[in-house]
Amino acid sequence: MKNNTGKIGIFDSGLGGLTILREVVRLLPQREYLYLGDNLRAPYGNRSEQKIFEYTLAGVEWLFGHGAEIVILACNTASANALRKIQREVLPLKYPSKRVLGIIIPTAEDIGQFSKAGHVGVLATVATVRSKTFEKEIKKCNSHIRIVCQSGGRLVELIENGGNEKLLQAEIEKVTRRLISKDKLIDAVILGCTHYALIKNQIKNSLPKDIGVIDQGEIVALKLADYLRRHKEIGKKLSKESAVCFYTTSDKVVVKKMMAQFYGKKISISTVSYKIGA
Ligand code: DGL
């Protein structure tokens with residue numbers, strides 16, 4: 001790859017990664033981005049670790065094939081279930097100069113500053129909760145913090161399908177009630193699924209007022225900027241074209257409307273297809 005043509009790939013199972021993209025583009029507007037949402041196969045959150053790995057790897061390889069030098073898994077489910085394997089088993093053999101970064105470690109590193117009580121709740125998908133990645137990573141850098149996790153039930157499915165506000169509200173109330181009943185001292189809730197950041201205000205409104213709600217967009221953007229400062233060998237390969245291109249594995253007409261709504265701007269989008277598995 002020539003210098004100054006590399007792109008930053010942002011991958012998610014669907015719409016949730018837009019909450020990361022928005023903040024990354026706000027902080028680093030001069031870069032060139034490819035956003036890929038695997039809306040066809042979303043939600044990932046109820047799938048097996050192996051399936052999540054296969055789907056994530058296929059998305060990452062598509063992004064590499066289209067010029068990404070670095071890919072952010074803007075998806076906690078993929079960060080928890082696929083990142084390590086991709087970093088350890090795939091990159092060294094097939095793409096030694098490329099990078100894939102997740103979003104759970106950056107969040108875990110910063111969580112101490114959001115909780116005075118040291119009691120933190122995490123709302124995440126079933127596959128993220130099952131992996132215990134948030135607990136493990138938070139314990140590594142904030143060993144005093146007590147963490148309780150709760151799965152977000154059907155939230156991702158309801159967001160991806162769009163529309164049914166009543167069902168969505170009922171689901172939000174159910175999962176937030178369950179989360180806070182697990183630990184009465186929680187004073188911070190991490191939205192540990194990027195889709196949940198799309199409905200942050202609704203989640204905030206169904207939690208007690210004194211509980212802070214943390215989404216990952218700004219945290220990830222700041223960590224990426226810092227990473228690129230520290231890794232000049234990657235930074236110098238990146239284009240300064242100031243562009244964002246959107247791709248989906250599903251119907252682009254349907255997805256375009258939702259992506260534009262959540263991204264907050266007009267977008268152009270293409271449907272792509274790629275092979276899953278070897
Ligand atoms: N947005 C994703 C996450 O952060 C995945 C949601 C899903 O596909 O279930 O976990």
Side-chain angles (χ1 to χ4, degrees), residues 8-26 33-47 52 55-56 58-60 62-63 71-82 102-104 107 123-128 151-165 167-169 171-172 175 190-204 213-221 244-274:
I8 298 177
I10 309 272
F11 177 77
D12 182 46
S13 63
L15 303 169
L18 294 168
T19 60
I20 302 292
L21 177 74
R22 255 177 352 209
E23 295 305 317
V24 170
V25 173
R26 204 195 309 272
Y33 298 92
L34 305 176
Y35 183 86
L36 174 61
D38 188 13
N39 304 77
L40 183 67
R41 283 166 280 264
Y44 282 11
N46 295 317
R47 299 185 186 274
I52 296 166
Y55 291 175
T56 303
V60 166
W62 186 89
L63 286 163
V71 172
I72 312 295
L73 300 183
C75 174
N76 294 277
T77 308
S79 300
N81 290 274
I103 57 174
I104 295 183
T107 312
L123 265 184
T125 65
V126 169
T128 301
S151 102
R154 296 177 59 208
L155 288 182
V156 172
E157 176 198 324
L158 291 169
I159 293 167
E160 284 287 322
N161 292 343
N164 202 326
E165 282 299 322
L167 276 182
L168 185 64
Q169 188 55 34
E171 196 69 0
I172 291 172
V175 299
I190 302 175
L191 302 180
C193 168
T194 52
H195 279 72
Y196 305 165
L198 296 168
I199 50 165
K200 182 178 179 181
N201 286 338
Q202 283 143 283
I203 293 178
K204 215 170 159 38
V213 176
I214 299 131
D215 62 67
Q216 299 163 292
E218 197 181 341
I219 297 173
V220 172
V244 190
C245 291
F246 294 83
Y247 300 91
T248 177
T249 51
S250 185
D251 180 344
K252 67 176 179 187
V253 180
V254 178
V255 173
K256 181 179 181 171
K257 223 172 123 209
M258 291 196 284
M259 278 203 186
Q261 179 200 329
F262 287 129
Y263 189 59
K265 279 187 191 154
K266 276 193 174 165
I267 64 164
S268 67
I269 183 167
S270 310
T271 294
V272 299
S273 67
Y274 43 78

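Predicted model only: the values in this text are computed from it and were never measured.
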Inset, instruction - Check step by step if side-chain contact (heavy atoms from CB on, under 4.5 Å) holds for Glu171 and Leu168. - result: CA-CA 5 Å; Glu171 196 69 0; Leu168 185 64; 5.5 Å; no
Legend entry - Qualifying residues under side chain to side chain contact (heavy atoms under 4.5 Å, CB included), relative to Ala124, sequence neighbours excluded: Val122, Thr128, Val129
Inset, instruction - Could you note down all residue pairs passing side chain to side chain donor-acceptor pair (under 3.5 Å) where residues 259-271 supplies at least one of them, sequence neighbours left out? - result: none
Inset, instruction - Look at the side chain of Tyr33 and the backbone N and O of Ile10, then say whether any donor-acceptor pair between them is shorter than 3.5 Å. - result: no
Inset, instruction - Check Leu18 against Phe262 and note the closest heavy-atom contact, atom names and distance. - result: CD1-CB, 3.8 Å
Inset, instruction - Check side chain to side chain contact (heavy atoms under 4.5 Å, CB included) between Asp251 and all other residues, then give those that pass, not counting sequence neighbours. - result: Val253, Val254
Inset, instruction - Could you tell me which residues satisfy ring-ring contact (aromatic ring centres under 6.0 Å, His included) with Tyr247, sequence neighbours excluded, listed by chain and number? - result: Trp62
Inset, instruction - State which residues pass side-chain hydrogen bond (donor to acceptor under 3.5 Å, both in side chains) with Asp38; sequence neighbours excluded, sorted by chain then number. - result: Arg41, Tyr44, Thr249
Legend entry - Spacing of CZ belonging to Phe246 relative to CG belonging to Leu34, to within rounding of 0.5 Å: 10.5 Å
Legend entry - Leu21/Val24 under side-chain contact (heavy atoms from CB on, under 4.5 Å): CA gap, chis, key distance, verdict: CA-CA 5 Å; Leu21 177 74; Val24 170; 5.6 Å; no
Legend entry - Pairs satisfying side chain to side chain donor-acceptor pair (under 3.5 Å), at least one member in residues 13-25, at least two apart: Glu23-Arg26
Inset, instruction - First locate atom OG1 of Thr194, then atom CD1 of Ile20, and finally report the distance between them rounded to the nearest 0.5 Å. - result: 6.0 Å
Legend entry - Pairwise distance SG(Cys245) to CG(Leu36) - rounded to 0.5 angstrom: 12.0 Å
Inset, instruction - Go through Val244 and Ile267 one step at a time and tell me if the side-chain contact (heavy atoms from CB on, under 4.5 Å) criterion holds. - result: CA-CA 8 Å; Val244 190; Ile267 64 164; over 6 Å; no
Legend entry - side-chain contact (heavy atoms from CB on, under 4.5 Å) evaluation trace for Ile103 with Asn76: CA-CA 6 Å; Ile103 57 174; Asn76 294 277; 3.6 Å; yes
Legend entry - Residue pairs, two or more places apart or on separate chains, that pass salt bridge (Lys or Arg N to Asp or Glu O under 4.0 Å) and touch residues 190-200: Lys200-Asp215
Legend entry - By side chain to side chain contact (heavy atoms under 4.5 Å, CB included) - contacts of Lys257 (at least two apart): none
Inset, instruction - For Asp12, check side-chain hydrogen bond (donor to acceptor under 3.5 Å, both in side chains) against everything at least two apart and list the hits. - result: none
Inset, instruction - Kindly compute the distance separating OH (Tyr35) from CG (Leu63), expressed to the nearest 0.5 Å. - result: 10.5 Å
Legend entry - Ile199 CD1 to Leu191 CG distance, which is reported to the nearest 0.5 Å: 8.0 Å
Inset, instruction - Give, for atom CD of Gln216 and atom SG of Cys75, the distance between the pair rounded to the nearest 0.5 Å. - result: 10.0 Å
Let me have the donor-acceptor pairs involving side chains of residues 152-161, under 3.5 Å, with sequence neighbours excluded, atom names and distances please.
residue, atom, partner, partner atom, Å
Arg154, NE, Glu157, OE2, 3.3
Arg154, NH2, Glu157, OE2, 2.9
Glu160, OE1, Asn39, ND2, 3.1
Glu160, OE2, Leu15, N, 2.8
Glu160, OE2, His195, NE2, 2.7
Asn161, ND2, Glu157, O, 3.4

